[in-house]
Amino acid sequence: DGGTLGQAEPGAALFAIKTGCAVLPVNITGANTVLDRRGKLHRGRITVAFGTPFTMDRKTDRAVGGAQMMGAIAHTRTVFAGKPSRCILPHWITKPREGLRATGIKNPP
């Protein structure tokens with residue numbers, strides 16, 4: 001949505017450094033359009049882009065690790081900007097599946 005990325009929380013980088021787990025950069029756009037000031041939900045288009053997972057060295061400082069995390073999110077945002085996205089409909093909008101469930105038959109002959 002053209003917004004700027006904030007600073008990484010130092011705890012997120014510290015957790016990734018201490019445990020050695022992979023970090024998955026995720027960029028979410030459009031989430032700020034679905035709630036109004038009163039907290040009421042509205043329809044909106046939310047796009048989620050997943051980057052390439054990476055790990056950080058155990059000797060990394062948490063400030064540097066946080067900067068790496070935000071850099072990976074910024075890279076994910078630029079890579080997927082303007083790319084076509086896939087629409088996933090909520091379960092209550094999709095049509096029922098054809099077959100046994102749609103016909104109500106519990107035990108086929």
Give the minimum heavy-atom separation between [X] and [Y], together with the two atoms involved.
{"X": "Val79", "Y": "Lys83", "result": "O-CE, 3.3 Å"}
{"X": "Val23", "Y": "Pro25", "result": "O-CD, 3.4 Å"}
{"X": "Pro53", "Y": "Ala22", "result": "CB-CB, 4.4 Å"}

Margin query: Tell me whether Arg58 contacts the main-chain N or O of Lys18 through its side chain, where contact means a donor paired with an acceptor under 3.5 Å.
Written below: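 Yes; judged by distance alone, with no hydrogens or angles, the pair exists.
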
Looking at [atom1] of [X] and [atom2] of [Y], how far apart are the two atoms once the value is rounded to the nearest 0.5 Å?
{"X": "Met69", "Y": "Leu5", "atom1": "CE", "atom2": "CG", "answer": "12.0 Å"}
{"X": "Arg45", "Y": "Thr29", "atom1": "CZ", "atom2": "OG1", "answer": "9.0 Å"}
{"X": "Ile17", "Y": "Arg62", "atom1": "CD1", "atom2": "CZ", "answer": "9.0 Å"}
{"X": "Arg77", "Y": "Met70", "atom1": "CZ", "atom2": "CE", "answer": "8.5 Å"}

Among the clusters formed by ILVMFWY side chains lying less than 4.5 Å apart, do [X] and [Y] turn up in the same one?
{"X": "Ile28", "Y": "Phe50", "result": "yes"}
{"X": "Ile73", "Y": "Val48", "result": "no"}
{"X": "Ile46", "Y": "Leu24", "result": "yes"}

Next item on the list: State whether the number of non-hydrogen atoms from other residues, nucleotides or ligands found under 6.0 Å of Phe54 atom CZ is greater than 12.
Entry: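 More than 12 heavy atoms, drawn from other residues, nucleotides or ligands, come within 6.0 Å of this atom.
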
